[in-house]
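Start at 1 with the first residue, then count along the sequence. The shown structure was predicted, so the numbers you read here are calculated from the model rather than taken from an experiment.
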Amino acid sequence: MQQLTDKVAIITGGAGGIGRGLTTAFVAAGAKVLFVDVDDEAGLSLEQELGENARFLNIDLAAPGSAESIRDAALAAFGRIDTLVNNANSSTPAPLLDVDDANLDQVFESSFRPTLKLMQACHGALAETKGSIINFASGAGLNGDPNQGSYAAAKEAIRGITRVAANEWGPNGIRVNVVCPFALTDGVRWWSETYPEQAAHTVSTVPLGRIGDIATDIAPAVVFFASDASQYITGQTIMLDGGGIKLR
């Protein structure tokens, strides 16, 4: 049985990396998906690959009014919104002493601010369907990873507003959770190749002994949090990291 039959999802950053895996998994689980990205070639290719249940929208999340445009596009295409997945992010590593306005603007305008704006814009539609929001944060923020000051700040800010939304919007039937993945993305490959000793040490601290696979380890968990099977879970941070971080 498909977990997301008749459900409609918005996925940001949905044409590449983890987002591509999410878009593919959601469609396979029976959902109709509006996926948002600025990579036109990758987006159009994925749309063609997945068929009529996947619609690509090329829009800059930092542009004024983008959240409302995304919401309206999803409603026009599919008539409802059941799930909002805020996955998009762009950041540049830098030592904390070197973090400047450009670093902060890059990650907050691609990650935190669009997450908040889309949550606000989609609130009414999600209240109608008793829907789910899944936000993306990171172990980098929980651990305070070196050279990730601006990224950690944005991701921890997302965890903060997730908890607030869970409390405020629970009475509307909207569930709001965070996932923190450790997955084999292009960025992780670059890190593994550039800092092999650091990467090997990090993997050695993961009880399951490996970096997560997007298709088999990350996407199915996100599908679960979009499904009715998780209807009594909200306000949580879920580590999809093989046990590397154990929250209490």
Checklist entry - Between Ser90 and Val107, is there a donor-acceptor pair closer than 3.5 Å when you use the side chain of the first and the backbone of the second? => result no

Item to check | Value rounded to 0.5 Å, distance of OG in Ser150 from CG in Leu104 | outcome: 6.0 Å

Checklist entry - Between the main-chain N or O of Thr234 and the side-chain N or O of Gln236, is there a donor-acceptor pair closer than 3.5 Å? => result yes

Checklist entry - Can you find a side-chain donor-acceptor pair between Thr162 and Asn135 that sits under 3.5 Å? => result yes

Checklist entry - What residues form a side-chain contact (heavy atoms from CB on, under 4.5 Å) with Asn53, not counting sequence neighbours? => result Val27, Lys32

Next on the checklist: For Leu96, I'd like to know if atom CG has over 12 heavy atoms of other residues, nucleotides or ligands within 6.0 Å.
Outcome noted: no

Next on the checklist: For a salt bridge (charged side-chain N to carboxylate O under 4.0 Å, His left out) check, start with the C-alpha distance between Arg20 and Glu49, then their side-chain angles and the critical distance, and finish with the verdict.
Outcome noted: CA-CA 11 Å; Arg20 183 183 182 90; Glu49 176 186 328; 2.9 Å; yes

Next on the checklist: So, taking the atom named CD1 in Ile10 and the one named CZ in Arg55, what distance separates them when rounded to the nearest 0.5 Å?
Outcome noted: 13.5 Å

Checklist outcome for this item: Per side-chain contact (heavy atoms from CB on, under 4.5 Å), Ile18 is matched among Asn87, Val222, Leu240, Asn89 by Asn87

Checklist entry - So, are Arg210 and Asp217 salt-bridged, with charged N and O less than 4.0 Å apart? => result yes

Checklist entry - Shared ILVMFWY cluster between Val85 and Leu118, side chains joined below 4.5 angstrom? => result no

Checklist entry - Same cluster for Leu44 and Leu50 if Ile/Leu/Val/Met/Phe/Trp/Tyr side chains link at under 4.5 Å? => result yes

Checklist entry - Side chain of Gln3, backbone of Ser227: donor and acceptor closer than 3.5 Å? => result no

Checklist entry - If you look at every heavy atom in Ser66 and Leu61, which pair is closest and at what distance? => result OG-O, 2.9 Å

Checklist entry - How far apart are the C-alpha atoms of Thr92 and Gln106, what are their side-chain angles, what is the distance that settles it, and do they pass the side-chain hydrogen bond (donor to acceptor under 3.5 Å, both in side chains) test? => result CA-CA 8 Å; Thr92 301; Gln106 179 188 10; 2.8 Å; yes

Checklist entry - For the atom pair SG (Cys180) and CG (Asn143), what is the distance rounded to the nearest 0.5 Å? => result 10.0 Å

Checklist entry - How far apart are the closest heavy atoms of Leu75 and Ala125, and which atoms are they? => result CD2-CB, 4.4 Å

Checklist entry - So, does Arg71 use its side chain to make a donor-acceptor pair with the main chain of Ala121 at under 3.5 Å? => result yes

Checklist entry - Does any N or O in the side chain of Asp37 come within less than 3.5 Å of the main-chain N or O of Ala15, such that one atom is a donor and the other an acceptor? => result yes

Item to check | Any side-chain donor near an acceptor of the partner, Thr237 and Arg159, under 3.5 Å | outcome: yes

Item to check | Heavy-atom pair of closest approach, residues Lys246 and Pro207 | outcome: NZ-CG, 3.8 Å

Item to check | Phe225 side chain reached by Ile233 side chain, heavy atoms, under 4.5 Å | outcome: yes

Checklist entry - Residues two or more places apart in sequence or in another chain: which of them pass ring pair (Phe, Tyr, Trp, His ring centres under 6.0 Å) with Phe108? => result Phe112

Checklist entry - Under 4.5 Å between any side-chain heavy atoms of Thr83 and Val8, yes or no? => result no

Checklist entry - Would you call Pro93 and Tyr151 a side-chain contact if the rule is heavy atoms closer than 4.5 Å? => result no

Checklist outcome for this item: Between Leu46 and Gly14 the two heavy atoms that sit nearest each other are CD2-O, 3.5 Å

Checklist entry - Which pair of non-hydrogen atoms, one from Ile59 and one from Ser69, has the smallest distance, and what is that distance? => result CD1-CB, 3.8 Å

Item to check | Over all atoms of both residues, closest heavy-atom pair of Leu84 and Met119 | outcome: CD2-N, 3.7 Å

Checklist entry - Under the 3.5 angstrom rule, does the side chain of Asn103 hit a backbone N or O of Asp100 as a donor-acceptor pair? => result yes

Item to check | Nearest-0.5 Å distance that lies between atom CZ in Arg175 and atom CH2 in Trp169 | outcome: 14.0 Å

Item to check | Minimum side-chain heavy-atom gap Asp213-Ile218 below 4.5 Å | outcome: no

Next on the checklist: Would a single hydrophobic cluster contain both Met239 and Val179, if residues Ile, Leu, Val, Met, Phe, Trp and Tyr are joined by side-chain heavy-atom contacts under 4.5 Å?
Outcome noted: no

Item to check | Any side-chain heavy-atom pair of Phe35 and Leu22 under 4.5 Å | outcome: no

Next on the checklist: Does atom CG (Leu247) have a neighbourhood of more than 12 heavy atoms from anything else shown, all under 6.0 Å?
Outcome noted: yes

Checklist entry - Any donor and acceptor pair, going by atom type alone, linking the side chain of Ser230 with main-chain N or O of Phe224 inside 3.5 Å? => result yes

Item to check | Cluster overlap Leu34 with Phe26, hydrophobic side-chain contacts below 4.5 Å | outcome: no

Item to check | Note, Val33 side chain near Phe78 side chain (heavy atom, < 4.5 Å) | outcome: no

Checklist entry - Between Asp145 and Gln148, is there a donor-acceptor pair closer than 3.5 Å when you use the side chain of the first and the backbone of the second? => result no

Item to check | Chi angles and distances behind the side-chain contact (heavy atoms from CB on, under 4.5 Å) call for Lys130, Asp82 | outcome: CA-CA 7 Å; Lys130 308 300 182 189; Asp82 297 274; over 6 Å; no

Item to check | Side-chain heavy-atom pair Ile81, Thr129 within 4.5 angstrom cut-off | outcome: no

Next on the checklist: Could you tell me if the side chain of Phe136 sits less than 4.5 Å from the side chain of Val178, heavy atoms only?
Outcome noted: no

Next on the checklist: When you group the ILVMFWY residues by side-chain heavy-atom contacts below 4.5 Å and let the links chain together, are Ile238 and Leu142 in the same group?
Outcome noted: no

Checklist outcome for this item: To the nearest 0.5 Å, atom CG of Asn177 lies from atom CD1 of Ile134 at 7.5 Å

Checklist entry - Rounded to the nearest 0.5 Å, how far does CD1 of Ile174 lie from NE2 of His123? => result 4.0 Å

Checklist entry - Ignoring hydrogens and geometry, is there a side-chain-to-backbone donor-acceptor pair from Thr12 to Val36 under 3.5 Å? => result no

Item to check | Derivation of the side-chain contact (heavy atoms from CB on, under 4.5 Å) call for Phe56 and Asn58 | outcome: CA-CA 7 Å; Phe56 169 57; Asn58 186 331; 3.7 Å; yes

